[in-house]
Amino acid sequence: AQTVTQSQPEMSVQEAETVTLSCTYDTSESDYYLFWYKQPPSRQMILVIRQEAYKQQNATENRFSVNFQKAAKSFSLKISDSQLGDAAMYFCAYRTYNTDKLIFGTGTRLQVFP
Amino acid sequence: DVKVTQSSRYLVKRTGEKVFLECVQDMDHENMFWYRQDPGLGLRLIYFSYDVKMKEKGDIPEGYSVSREKKERFSLILESASTNQTSMYLCASSLGVFGTGEKLFFGSGTQLSVL
């Protein structure tokens with residue numbers, strides 16, 4: 001069975017600095033998708049970034065980028081120029097190619113200090 | 001933009017009560033999901049549905065059932081609520097085109113307390 005592991009329950013960063021959130025996963029599939037979702041205090045889950053496993057190029061969305069290491073089954077999220085509004089729970093998630101079911105990690109709570 | 005609406009933001013129920021959590025999406029999505037979110041456990045899939053009147057068990061279906069009589073509405077039912085079902089419940093939907101890696105759209109969650 002596929003699993004997603006986030007080993008950092010909490011992280012903190014100073015405003016304008018860079019922080020990296022870790023995620024590893026386990027699967028025997030070759031085709032799949034990986035996601036990072038953000039959940040602010042409003043509880044509304046927001047998609048931050050998505051990576052297709054067949055793409056070698058790391059996905060980037062403005063200040064958010066990933067380091068996707070397929071062989072190591074690692075999918076970390078880098079947030080550059082951190083802002084106070086980045087404070088939230090961040091969930092890493094996995095999905096196989098032929099289903100819409102997401103498997104989530106346990107989450108990392110990110111605090112941003114001014 | 002897609003809207004997924006959960007009927008209650010907070011709900012307090014007694015042990016043994018039958019509880020209905022309602023979820024409605026407004027974009028004609030095929031797929032709908034119910035997740036449960038607990039601190040330190042992340043989100044876990046309870047049930048999902050790929051079509052009207054169709055349902056499939058997720059990872060933790062025990063103690064729950066679902067109903068999807070109309071495409072836009074997906075209900076989660078706790079037949080006899082217990083204290084260990086105190087949790088945040090999140091509904092989600094997606095268009096349903098396999099292989100596209102499309103994102104899920106989430107509701108704002110229902111925080112259920114069973115006393």
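Just the heavy atoms: all of them, side chains too, but no hydrogens, waters or symmetry mates, feed the values below. Chain naming here is simple, since letters A, B, ... match the order of the sequence lines and numbering starts at 1 in each.
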Heavy-atom distances under 4.5 Å only: say whether A:Leu47 touches chain B with side chain, backbone, both or neither. side chain
Which atoms of A:Gln39 approach chain B - backbone, side chain, both or neither, heavy atom under 4.5 Å: side chain
Hey, quick one: are B:Phe74 and B:Phe105 part of the same hydrophobic cluster, counting side-chain heavy atoms closer than 4.5 Å, chains of contacts allowed? no
Do you know the tightest heavy-atom contact between B:Tyr35 and A:Leu102? OH-O, 2.9 Å
Is the number of heavy atoms from other residues, nucleotides or ligands within 6.0 Å of NZ (A:Lys78) greater than 12? no
Would you mind telling me which of B:Leu104, B:Leu41, B:Leu45 has the largest number of heavy-atom pairs within less than 4.5 Å of chain A? B:Leu104
Taking a hydrophobic cluster as the set of Ile, Leu, Val, Met, Phe, Trp and Tyr residues connected by side-chain heavy atoms closer than 4.5 Å, whether directly or through intermediates, do B:Ile60 and B:Leu112 fall within one such cluster? yes
If hydrophobic clusters are built from ILVMFWY residues whose side chains come within less than 4.5 Å, do A:Ile49 and A:Met45 share one? no
About how many Å separate CD of B:Gln37 and OG1 of A:Thr106, when rounded to the nearest 0.5 Å? 11.0 Å
Look only at the side chain of A:Arg43 and the backbone of B:Arg9, and say whether a donor-acceptor pair between them is shorter than 3.5 Å. yes
Counting only heavy atoms not in A:Arg109, do more than 12 sit closer than 6.0 Å to its CZ atom? no
For A:Tyr37, which atoms come within 4.5 Å of any heavy atom of chain B: side chain, backbone, both, or neither? side chain
Which of B:Gly58, B:Ala92, B:Ser108, B:Ser94 touches chain A most, by non-hydrogen pairs under 4.5 Å: B:Ser108
For A:Asn62, does the CG atom have more than 12 heavy-atom neighbours from other residues, nucleotides or ligands under 6.0 Å away? no
Is it true that B:Tyr89 and B:Val66 fall in one hydrophobic cluster, defined by side-chain heavy atoms closer than 4.5 Å? yes
Looking at every heavy atom in both B:Tyr50 and A:Lys101, which two are closest together, and how far apart are they? OH-CG, 4.1 Å
